[in-house]
Each structure stands twice: as C-alpha cells, then as structure tokens.
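What follows is a set of notes on a single structure, which appears directly below.
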Amino acid sequence: MVNQASLSVELVGCSNFLPPSSVDFATEAQGGEALIEFAGRACYESFDKPNPRTRDYDAYIRHVLEVGHMALFEHATATVYIRGISRVAAAELMRHRHFSCSQLSQRYVHDDNPVVVPPLVAADDALLSLFQRAADESRFAYEELLSALEQRLTDEHGENNALLRMKQARQAARMILPGATESRLVVTGNFRTWRHFIGMRASEHADVEIRTVAVEICRLLSDQAPTAFGDFQIDSLPDGSLMATSPYVTDF
C-alpha cells in the first residue's frame, strides 16, 4: 500500500530592511513592508511623510495597493519550502516564470514513494482503492524497470563509473512514475509575484491542490506582512475547501 503525502508549506526566508545612514527616515514597518514604504518614498524623496493621510506605513501601503503601484512590491521577497506537493502541481507552480525554484531532483525517489491523493478520490473508498492500486503497480513497474536498466548498463560497461550508470538508470525508470508522486521544492518570489500567484491560484476556479498551496502561502505571508497581504480574505467553498480573494487587481 502506498503512503499518502501530507502538504507542508513553511516560510524559510523573508526580506529585511537596513535603513541607510544618510537618509533621515524612520518607520514602524518591518521587513518587506519597510522596503516597500522606503522604495515608494524614495521616488519623491518624501521621507518626512508630508501627507497626513499616508503618514503611517500601513496607510501608505494600502494607498499603494489602491493606486496599483505594484512595482514597489517587487523589492520585497519571501521564500517558502513546500513538501507533499505532487509533481503535477509542482509543474503548474513553476509555470509562474517570475519565481526562482529549486526542486528535488526527479532522479531521487523516496523509498516509501509517497503520493498525493486528490480530495475527490480520497472521499470515495472505491476510487481510493483504485488509485492506490494504480500507484502500487507503477511503483512495482518502476523498481522492475530500474533493476533491469541497472543490470543492462552493468553488462555493457562493467563496473566502471557506477554513479553515472545509477543516474542513467533512474532517469529512464522515473518516466513511469505517476504525476501524483510527491515532490519538494524551495520557491522564492517577490511580493508582487506572490500576490499574483495567490490571486490566480487561490481562486475557486483553480485546481484544488495548487489552490490549497496558494491559501497556505497566503496565510504565511499575511502573518509576515499583514498590510501587504492582509487584503486577501480566506473563505470556505461548498465542498469544504478554501479560497482566497482580494478586492485589488493582482495581475501583472
């Protein structure tokens, strides 16, 4: 019986702000939000905050959202570590070209070979049994194919360069593994990119798995940068899954 992977999304890095000694500027904002405010005020050198309506950093950032000056959000970045995501969803995530991604090598296959089970399948015992049987069969086929490839390469090349032979065998055998196979990746994006990702992928029309990932990232970033991401509202859908929406445009 195959093991089912559990989603884990952790924030492992976020921008910090180092005030320049040559500029008389102070803010109560932290990290990425301080960077956004500083970059915006640097555009007009309004470090003395002359407008009382946007003197507080949170009011300033909300104003930036309202007017759509999203280039300022590109100065702040956040990095997440995602585990328990399927190879299919990972491929969808990496279609967002402004991210920087480091993915677990697909030559590497865990001994327990966990898979991600779609909620629609998990909710039905018969479908779950069929899904698990298919995953078991693909794992068996992978191991048989891997063994045969390793033996063939050994017969052809002897004991020379064993590491290369192992890599070649794995990269050929992995093609038979299902898209549900668990992957892991580190993803870095600026705040504008993350807002775009959440806006696109946390909507009710998105695939359930990547929507779940997007909602978890929305929660993490809303805690880390509550003004820059606090406009997103997380709600439940009729099927019990979650979505996140914002009143502001999140497209590039």
Next item on the list: Under the side chain to side chain donor-acceptor pair (under 3.5 Å) rule, collect the residues that match up with R174, sequence neighbours excluded.
Entry: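 Applying side chain to side chain donor-acceptor pair (under 3.5 Å) to R174 gives none.
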Checklist line | Contacts of type side chain to side chain donor-acceptor pair (under 3.5 Å), residue R184, not counting sequence neighbours | finding: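 Only E182 meet the side chain to side chain donor-acceptor pair (under 3.5 Å) criterion with R184.
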Notebook entry, point to check: Which residue pairs pass the side-chain hydrogen bond (donor to acceptor under 3.5 Å, both in side chains) test with at least one member in residues 199-212, sequence neighbours excluded?
Noted result: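 side-chain hydrogen bond (donor to acceptor under 3.5 Å, both in side chains) check on residues 199-212 returns S86-E209, E92-R201, H96-R201, R211-S241.
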Euclidean distance, [Y] [atom2] relative to [X] [atom1], rounded to 0.5 Å:
X	Y	atom1	atom2	result
L65	I36	CG	CD1	8.0 Å
S222	D231	OG	CG	8.0 Å
I176	F140	CD1	CZ	10.5 Å

Check: More than 12 heavy atoms of other residues, nucleotides or ligands under 6.0 Å from CG of D48: is that the case?
Finding: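 Yes, because the 6.0 Å sphere around CG of D48 holds more than 12 heavy atoms from other groups.
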Item checked: Within 6.0 Å of CZ in R55, more than 12 heavy atoms from elsewhere ->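 Atom CZ in R55 is packed in, count exceeds 12.
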Check: Among all residues two or more places apart in sequence or in another chain, which pass the salt bridge (charged side-chain N to carboxylate O under 4.0 Å, His left out) test with K167?
Finding: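 None.
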Next item on the list: For D58, check salt bridge (charged side-chain N to carboxylate O under 4.0 Å, His left out) against everything at least two apart and list the hits.
Entry: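 Partners of D58 under the salt bridge (charged side-chain N to carboxylate O under 4.0 Å, His left out) test: R62.
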Would a 4.5 Å heavy-atom cut-off, applied to side chains only, mark [X] and [Y] as touching?
X	Y	result
L185	Y81	no
F191	T77	no
R219	I234	yes

Item checked: Salt-bridge present (E10, R83; N to O < 4.0 Å) ->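 Yes.
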Could you pull out all donor-acceptor pairs under 3.5 Å where a side-chain atom in residues 17-32 meets a protein atom, sequence neighbours excluded?
from: T27; atom 1: OG1; to: A29; atom 2: N; distance (Å): 3.0
from: T27; atom 1: OG1; to: E37; atom 2: OE1; distance (Å): 2.5

Checklist line | Test item: side-chain donor near acceptor, S100 and T188, under 3.5 Å | finding: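 No, no side-chain donor-acceptor contact under 3.5 Å.
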Item checked: W194/F229 aromatic ring centres below 6.0 Å ->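 No, the ring centres sit 6.0 Å or more apart.
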